[in-house]
Amino acid sequence: MSKTLKEITDQKNELKEFFGNFVLNLEKTEIFSEIQKNLTDEVLFVGCGSSYNLALTISNYFERVLKIRTKAIPAGEVAFQKVPDLKEKGLAFLFSRTGNTTEVLLANDVLKRQNHRTIGITIEEESRLAKESDLPLVFPVREEAIVMTKSFSMILLSLMFLADKIAGNSTERFSELVGYSPEFFDISWKVIEKIDLKEHDHFVFLGMSEFFGVSLESALKCIEMSLTFSEAYSTLEYRHGPKALVKKGTLVFMQKVSGMDEQEKRLRKELESLGATVLEVGEGGDIPVSNDWRSAFLRTVPAQILGYQKAISRGISPDKPPHLEKTVVL
Ligand code: F1P
């Protein structure tokens, strides 16, 4: 079996175990109290590629539930451009699955020099990020494929949970969503299997706030695995120019949010009239899931499956994306 497919599929059963063994215990760890103690009014979230998409999604959720200001910045910009000075030196979360991406390590140096307290989020205990950040948070996830899949979902789930815990909110909804994850996986697989992927060569992912980060990540999955032209936009932005490219053969994934039913319905109708196939993810959608922002950790799964299935339909191995390496070392 392909490594990438195995890791995508692992989520179906591993999420529950991971939630019970790791996420529910986060609150008792030293890192939790350190984050709680050092949380300032402004927090930075930094990463590259999928890890940047992760940083962006989590930054939106921290801002939402903790009512602080956050900024997500690609690590390359922190490393090589001046980062705007914060009012006070605060926390900076640096994300890197492999923990050895050059720009992230350089960003860690820059931020430490500016007296930020850096939190290194990675799955590799022996990585430089784990060793060089002030507070490493190493996730107990094994992922070998070049394309980041299950670790994205697991880290996202954990940090959203952590934000709610710090805010003193109920975390019950996470248990429900984790319980729903095997069914969500199966529905996603079946819905995507029914689409004639040979007839679709342009993928568009639409979402707002946390679901915009999810959409960026979705597009990246399809580019990396299946080499298909894929784009992501904040939902209503799509009307402002990008829709010029819609045609028969465009597949649009719309991430539904609360309070937008009417707008979503109208946009779907418009895109379908231009020839696109539209799938909605969310309450009452083609791939049903709660509209709660906490569902973000599940919402890249359909695109992971899509990227995989499209690659297979084109005779491409998702395990060997051309020109890509697991860690970009400059
Ligand atoms: C970041 C990353 C990956 C991407 C590619 C190159 O890696 O951009 O997201 O798929 O393989 O590296 P990391 O810093 O999260 O290890």
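Numbering of ligands and ligand atoms starts at 1, following listing order.
Of all protein heavy atoms, the one closest to atom 8 (O) of ligand 1 is Gly49 CA, 3.4 Å. Atom 10 (O) of ligand 1 has as its closest protein heavy atom Glu224 OE2, 2.6 Å. Counting only heavy atoms of the protein, atom 2 (C) of ligand 1 lies nearest to Cys48 O, 4.2 Å. Protein heavy atom at the shortest distance from atom 5 (C) of ligand 1 is Glu325 O, 3.6 Å. Counting only heavy atoms of the protein, atom 16 (O) of ligand 1 lies nearest to Thr98 OG1, 2.6 Å. In this structure, the protein non-hydrogen atom closest to atom 3 (C) of ligand 1 is Ser50 N, 4.3 Å. The protein atom (non-hydrogen) at minimum distance from atom 7 (O) of ligand 1 is Thr101 OG1, 3.6 Å. Looking from atom 15 (O) of ligand 1 to the surrounding protein, the closest heavy atom is Ser51 OG, 2.6 Å.
Here the two rings, on Phe161 and Phe19, have centers that are under 6.0 Å apart. Ring pair Phe93/Phe62: centre-to-centre distance below 6.0 Å.
Residue Val328 approaches ligand 1 through these ligand atoms, each under 4.0 Å from one of its heavy atoms: 6 (C).
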Could you walk me through whether Asn13 and Glu17 pass side-chain hydrogen bond (donor to acceptor under 3.5 Å, both in side chains), step by step?
CA-CA 7 Å; Asn13 302 311; Glu17 201 185 313; over 6 Å; no
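No N or O atom of Thr327 sits closer than 3.5 Å to an N or O atom of ligand 1.
In this structure, Val204 and Leu251 have side chains that are not in contact, with every pair of non-hydrogen atoms separated by 4.5 Å or more. You'll find the side chain of Leu94 reaches within 4.5 Å of the side chain of Leu129, heavy atoms only.
Considering Glu264, Glu262, Glu283 in turn, Glu264 is the only one that fulfils the salt bridge (charged side-chain N to carboxylate O under 4.0 Å, His left out) rule with Lys256.
Glu42 has no carboxylate O lying under 4.0 Å from a charged side-chain N of Lys71, or vice versa, which leaves the two without a salt bridge.
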